[in-house]
Peer 1: 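I am attaching a structure below and will ask some questions about it afterwards.
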Amino acid sequence: MEAFLNKISDAGLDASSVAGEEALIFWRHVRKHVATTPQEKAQSLVISAEFRTSLKQFPESINELRAALELLTLPQDAEHILEVRSYLADRLVDQGDFAAALNEYVAASSIAVEASKIDAYVKAVIGMGNLCDAYGDHARALRYYQKIDSIDHAISSRSLRLRYKLYKLACLIDLRRTKSAKELISECEELSILVSDKVLAGQILLYQAKLLRQQGLLEEAMRCLGHVKYAAGNINSNWLSNMIRMELGSCLNDAEKIHLANWVLESAHARIQKEGSPILNLRLCNSLAAVCEKQQDFKKALEYQHCAFRIESDLMKKVPITELGSGQLRRLSRFELQLKLILSEIENRELKETTESQKHTVAKLQQDVFTDPLTGLHNRRWLDVKLKDLLLHEVPFALLVVDIDHFKSINDELSHLVGDKAIVSVSSELAGYFRFKGASCVRFGGEEFLVIIEKANLAQAEMHAENYRDRIFQYNWQEVLGERGLTVSIGVTLHREGENTQRTFYRADKALYRAKANGRNQVCSE
């Protein structure tokens, strides 16, 4: 994409200067006179389709996405095809063409497995589960989301991992499986700390409120809803704000504050009618019917129930629920085994590559390519080689994930230059403490570091993590940060015999979530 934008710029055009209808003309011109390869033409169609969506030209947007797919071929364009199919499926769902959306999800899941694209596969399975949810079959939707559980550790995007867990959580709440929902919501809270997405964080609070209302804790539920924050204008935050209003209306209704409940739900009614979401409309009509029934306005309650019935009947006609039955689930079960095999083969291939190129790799460890330029620590390239070597020689090891607490606020308040100085100080202390034989320090990215301690047990790893955490806490930060201090949170785990390193890192990351969720400046082990 960057090369394509440079090509457009070299042609004397500025892609960032156009919007609206002008953007459609611009990208049509680019497609005809600048783009030369099928991939470039497809990319210009996808961008044009996004502008058409913002202009509410939905059929034209769908046609352009389909035209983009026709320009792309497998296997070389697999990643691009998966992205386009994902956009297309979303547009089809928005337009209520659920059968066509399902076709896109099914095709995407097959391509994702063939191309070993775990995240794209997860998105396709989530899409199928969402269709079951739209039909109202939450038990079947849950079965789809549970198909992701066995490959959870291999999802590279934390945001995507949180989204799938939230969809699963919503099903558990609708099915009133309270115990499982409470366990999952704690996991979502821990993960959301590292994701930093206001809409997803708001969803967690929404589902907390739903759980509290189910338990009859109405005041606590309403307080929970009051803590939700979201960015205005985002399509997902519009969905969240409407869901918050409906949940608040339900809480007020249960609390016998019927006139307030009616006012809140009526205010949501105009917004939802304008957006035209059938699923939100269905929930709203059911909520309004319940309020009218409590007011003993049975005529109006019946009108809302009829409206809900019409919407539900329409959804049941449009959602291809029979095609989402046991046959589709069995197909995903086969894919599940195939994906496990793929992950295993990747690990085996890495081991073979390490064996074949070990001498060459050891020599390259001395080069700058394996060193982080800011801190002088090992970088991710070095880490990949080191982990393969440990697996090859079956060396047991502990893994520590170290993350600077509230680092974003340091950059925002004191500048990125000061943030870099803080990172250098943390890494210098890291290298100074873990200088003993068998310990290796890596800058994993941004403010996150990894430490590998070979042949260590869990107690030893926790002791070293705690000593280093205290060392950072006691460090003289005044010279670097002025009056504010700095702390780190650390997740600790041991590599288990026979598992791949992806799963080991996933467990250490989960421990880090918990350390953050428990108040930061602490060590947790998984």
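Along the sequence shown, residues are numbered consecutively beginning with 1. These numbers come from the heavy atoms of this one structure, side chains and all, not from hydrogens, waters or symmetry mates.
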Peer 1: Please round to the nearest 0.5 Å and tell me the distance separating atom CD of Q43 and atom CD of Q39.
Peer 2: 10.0 Å
Peer 1: Under the ring pair (Phe, Tyr, Trp, His ring centres under 6.0 Å) definition, can you give me all pairs with a residue in residues 160-198, not counting sequence neighbours?
Peer 2: Y145-Y167
Peer 1: I'd like to check the side-chain contact (heavy atoms from CB on, under 4.5 Å) partners of E499; sequence neighbours left out, ordered by chain and number.
Peer 2: H495, R496, R503, T504, R507
Peer 1: Measure the shortest side-chain to side-chain distance between I453 and V451 over non-hydrogen atoms and say whether it is less than 4.5 angstrom.
Peer 2: yes
Peer 1: Can you name the closest pair of heavy atoms from S61 and A49 and give their distance?
Peer 2: OG-O, 2.9 Å
Peer 1: Verify, without hydrogens or angle tests, whether R331 (side chain) and V106 (backbone) share a donor-acceptor contact under 3.5 angstrom.
Peer 2: yes
Peer 1: Can you tell me if R143 and Q146 form a side-chain donor-acceptor pair at under 3.5 Å?
Peer 2: no
Peer 1: Write down the atom of L71, the atom of A42, and the distance for their closest heavy-atom approach.
Peer 2: CD1-N, 3.7 Å
Peer 1: Is there a side-chain contact between I62 and L92 (heavy atoms, below 4.5 Å)?
Peer 2: yes
Peer 1: For S156 and D119, which I'm curious about, is there any donor-acceptor pair between the side chains at under 3.5 Å?
Peer 2: yes
Peer 1: How many angstroms lie between CG in L82 and OG in S110, if you round to the nearest 0.5 Å?
Peer 2: 10.5 Å
Peer 1: Applying side-chain contact (heavy atoms from CB on, under 4.5 Å), can you list everything that pairs with L74, at least two apart in sequence or on another chain?
Peer 2: A78, I81, I111
Peer 1: Can you tell if the side chain of E114 reaches within under 4.5 Å of the side chain of P75, non-hydrogen atoms only?
Peer 2: no
Peer 1: Return a table of donor-acceptor pairs under 3.5 angstrom between the side chains of residues 214-222 and protein atoms on other chains or two or more places apart.
Peer 2:
{"unit_1": "Q214", "atom_1": "NE2", "unit_2": "I173", "atom_2": "O", "d": "2.9"}
{"unit_1": "Q215", "atom_1": "OE1", "unit_2": "K182", "atom_2": "NZ", "d": "3.2"}
{"unit_1": "Q215", "atom_1": "NE2", "unit_2": "L211", "atom_2": "O", "d": "3.0"}

Peer 1: If we ignore hydrogens and angles and just use 3.5 Å, is the side chain of E448 paired with the main-chain N or O of D403 as donor and acceptor?
Peer 2: no
Peer 1: With a 3.5 Å cut-off and no angle check, do the side chains of E183 and S186 form a donor-acceptor pair?
Peer 2: no
Peer 1: For V84 and L65, work out which heavy atoms get closest and say how close.
Peer 2: CG1-O, 3.6 Å
Peer 1: If every non-hydrogen atom of D197 is compared with every non-hydrogen atom of V199, which pair is closest and at what distance?
Peer 2: OD1-N, 2.9 Å
Peer 1: Who pairs with F505 by ring-ring contact (aromatic ring centres under 6.0 Å, His included), at least two apart in sequence or on another chain?
Peer 2: F444
Peer 1: Search all heavy atoms of A68 against all heavy atoms of L45 and return the closest pair with its distance.
Peer 2: N-CD1, 3.7 Å
Peer 1: When L142 is tested against each of L172, D133, D137, L169 for side chain to side chain contact (heavy atoms under 4.5 Å, CB included), which residue passes?
Peer 2: L172
Peer 1: Can you confirm whether L200 sits close enough to I204 that some side-chain heavy atom of one is under 4.5 Å from a side-chain heavy atom of the other?
Peer 2: no
Peer 1: With sequence neighbours excluded, give me every salt bridge (charged side-chain N to carboxylate O under 4.0 Å, His left out) pair touching residues 74-86.
Peer 2: E79-K117, R85-E104
Peer 1: Is there a side-chain contact between P396 and L494 in this structure, where contact means two heavy atoms from C-beta onward sitting under 4.5 Å apart?
Peer 2: no
Peer 1: Is there side-chain contact between C188 and L162, with heavy atoms separated by less than 4.5 Å?
Peer 2: yes
Peer 1: Give, for atom OG1 of T493 and atom CG of L400, the distance between the pair rounded to the nearest 0.5 Å.
Peer 2: 9.5 Å
Peer 1: Looking at C132, is its backbone amide N or carbonyl O close enough to the side chain of R140 to form a donor-acceptor pair, meaning the two atoms are under 3.5 Å apart?
Peer 2: no
Peer 1: Run the side-chain contact (heavy atoms from CB on, under 4.5 Å) test on L206 and I244 for me, step by step, so that the C-alpha distance in whole Å, both residues' side-chain angles and the decisive distance to 0.1 Å come before the verdict.
Peer 2: CA-CA 7 Å; L206 169 66; I244 293 294; 4.0 Å; yes
Peer 1: Under the ring-ring contact (aromatic ring centres under 6.0 Å, His included) test, which residues partner F335, sequence neighbours left out?
Peer 2: none
Peer 1: To the nearest 0.5 angstrom, please state how far the CG atom of L399 sits from the OG atom of S525.
Peer 2: 12.5 Å
Peer 1: Assess, by modelled atom type and distance only, whether the side chains of T487 and D405 contain a donor and an acceptor separated by less than 3.5 Å.
Peer 2: yes
Peer 1: Does either side chain, that of R469 or that of S489, offer a donor lying less than 3.5 Å from an acceptor on the other one?
Peer 2: no
Peer 1: For the pair D509 and R158, find out whether any cationic side-chain nitrogen is under 4.0 Å from an anionic carboxylate oxygen.
Peer 2: yes
Peer 1: Quick one, K388 with T501, criterion side-chain contact (heavy atoms from CB on, under 4.5 Å). Give me CA distance, side-chain angles, the key distance, then yes/no.
Peer 2: CA-CA 9 Å; K388 289 175 190 174; T501 53; over 6 Å; no
Peer 1: Any side-chain heavy atom of V125 within less than 4.5 Å of one from L332?
Peer 2: yes
Peer 1: Under the rule for side-chain contact (heavy atoms from CB on, under 4.5 Å), what residues qualify as partners of E256, not counting sequence neighbours?
Peer 2: I258, K294
Peer 1: Kindly indicate, with the supporting measurements, whether the criterion side-chain contact (heavy atoms from CB on, under 4.5 Å) is fulfilled by Y506 and K510.
Peer 2: CA-CA 6 Å; Y506 170 70; K510 277 191 73 175; 3.7 Å; yes
Peer 1: Under 4.0 Å between a side-chain nitrogen and a carboxylate oxygen: does that hold for D149 and K168?
Peer 2: yes
Peer 1: Drop me the distance from E64's CD to I47's CD1, to the nearest 0.5 angstrom.
Peer 2: 11.0 Å
Peer 1: Quick one: side chain to side chain donor-acceptor pair (under 3.5 Å) partners of T178, sequence neighbours excluded?
Peer 2: none
Peer 1: Is any side-chain heavy atom of I148 closer than 4.5 Å to one of I126?
Peer 2: yes
Peer 1: Tell me, please, which residues at least two apart from E187 pass side chain to side chain donor-acceptor pair (under 3.5 Å).
Peer 2: K165
Peer 1: Can you list everything that forms a salt bridge (charged side-chain N to carboxylate O under 4.0 Å, His left out) with D384? Sequence neighbours excluded, please.
Peer 2: none
Peer 1: Closer than 3.5 angstrom, by distance alone: can the side chain of S250 be matched with the main-chain N or O of M246 as a donor-acceptor pair?
Peer 2: yes
Peer 1: Could you give all pairs that pass the ring pair (Phe, Tyr, Trp, His ring centres under 6.0 Å) test and reach residues 57-116, with sequence neighbours left out?
Peer 2: none
Peer 1: Quick one: does Y144's side chain have a donor or acceptor within less than 3.5 Å of a partner on L324's backbone?
Peer 2: yes
Peer 1: Taking H406's backbone N and O only, do any of them form a donor-acceptor pair with S409's side chain (distance below 3.5 Å, no angle check)?
Peer 2: yes
Peer 1: Under the side-chain contact (heavy atoms from CB on, under 4.5 Å) rule, what do S326 and R330 come out as? Steps first, then yes or no, please.
Peer 2: CA-CA 6 Å; S326 56; R330 281 196 299 272; 3.5 Å; yes
Peer 1: What distance separates L205 CG from K198 NZ, expressed to the nearest 0.5 Å?
Peer 2: 13.0 Å
Peer 1: Provide the closest heavy-atom pair for K147 versus S150 in the form atom of the first, atom of the second, distance.
Peer 2: O-OG, 4.1 Å
Peer 1: Any salt bridge linking K516 with E190? Criterion: basic side-chain nitrogen under 4.0 Å from a carboxylate oxygen.
Peer 2: no
Peer 1: A quick test of your reading: do over 12 heavy atoms of other residues, nucleotides or ligands sit less than 6.0 Å from CD of Q76?
Peer 2: yes
Peer 1: Among V488, N411, I404, V402, find the residue that satisfies the side chain to side chain contact (heavy atoms under 4.5 Å, CB included) test when tested with E447.
Peer 2: I404
